[in-house]
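Reading through the structure tokens given below for one structure.
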Amino acid sequence: QVQLVESGGGLVQPGGSLRLSCAVSGSIVSIGVMGWYRQAPGKQRDLVATITGGGSTKYADSVKGRFTISRDNAKKMVYLQMKSLKPEDTGIYYCKAAMITRATSTIGDYWGQGTQVTVSS
């Protein structure tokens, strides 16, 4: 019923740029904090960036100055603009949103399926 679908992943060379998008669909009452997480091979899933409904952002130190998170509340979308990409940015990127759905009427975290980002020569 409620879905988060990421897009925009792919292969890119070091120093390149990529823009990820996440679209939320379904019967949503409200969306709170949205964020991007990534999981490198053999590693745990880590926070990349978050953004509140009012536009306040936070970033992991490793991406600060290179990545920009943004959202469009009307479109129910969140984006991650990635520039100056490094091989260590490689991983599966997941979209997350705190939401209240019409089905549950309770707040909870919802995750997308992930999109692969590979930074390599």
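Hydrophobic clustering (ILVMFWY, side-chain heavy atoms < 4.5 Å, transitive): M99 and V33 are in distinct clusters. Note on I92 and L47: same hydrophobic cluster, where clusters join Ile, Leu, Val, Met, Phe, Trp and Tyr whose side-chain heavy atoms are under 4.5 Å apart, directly or indirectly.
Between M34 and T52, every side-chain heavy-atom pair lies at or beyond the 4.5 Å cut-off. Side-chain contact between K76 and R71: absent, with no pair of heavy atoms (C-beta onward) separated by less than 4.5 Å. Between M82 and L20 there is a side-chain heavy-atom pair separated by less than 4.5 Å. With contacts defined as side-chain heavy-atom distances shorter than 4.5 Å, the pair S30/I100 qualifies.
Here D61 pairs with K64 in a salt bridge; the nearest charged N to carboxylate O distance falls below 4.0 Å.
Each of R38, Q113, E6 was compared with Y94 under the side-chain contact (heavy atoms from CB on, under 4.5 Å) criterion, and only E6 meets it.
For Y37 and W111, the ring centers are positioned less than 6.0 Å apart.
At distances below 3.5 Å, not a single donor-acceptor pair connects side-chain atoms of Y79 with backbone N or O atoms of D72. Formation of a donor-acceptor pair under 3.5 Å by the N73 side chain with backbone atoms of G53 is found in this model.
Few gaps surround CD on Q116; more than 12 heavy atoms of other groups in view lie less than 6.0 Å from it.
Side-chain N/O atoms of T90 and E88 include no donor and acceptor closer than 3.5 Å.
Residues C22 and L4 approach most closely at SG-CB, 4.0 Å, considering heavy atoms.
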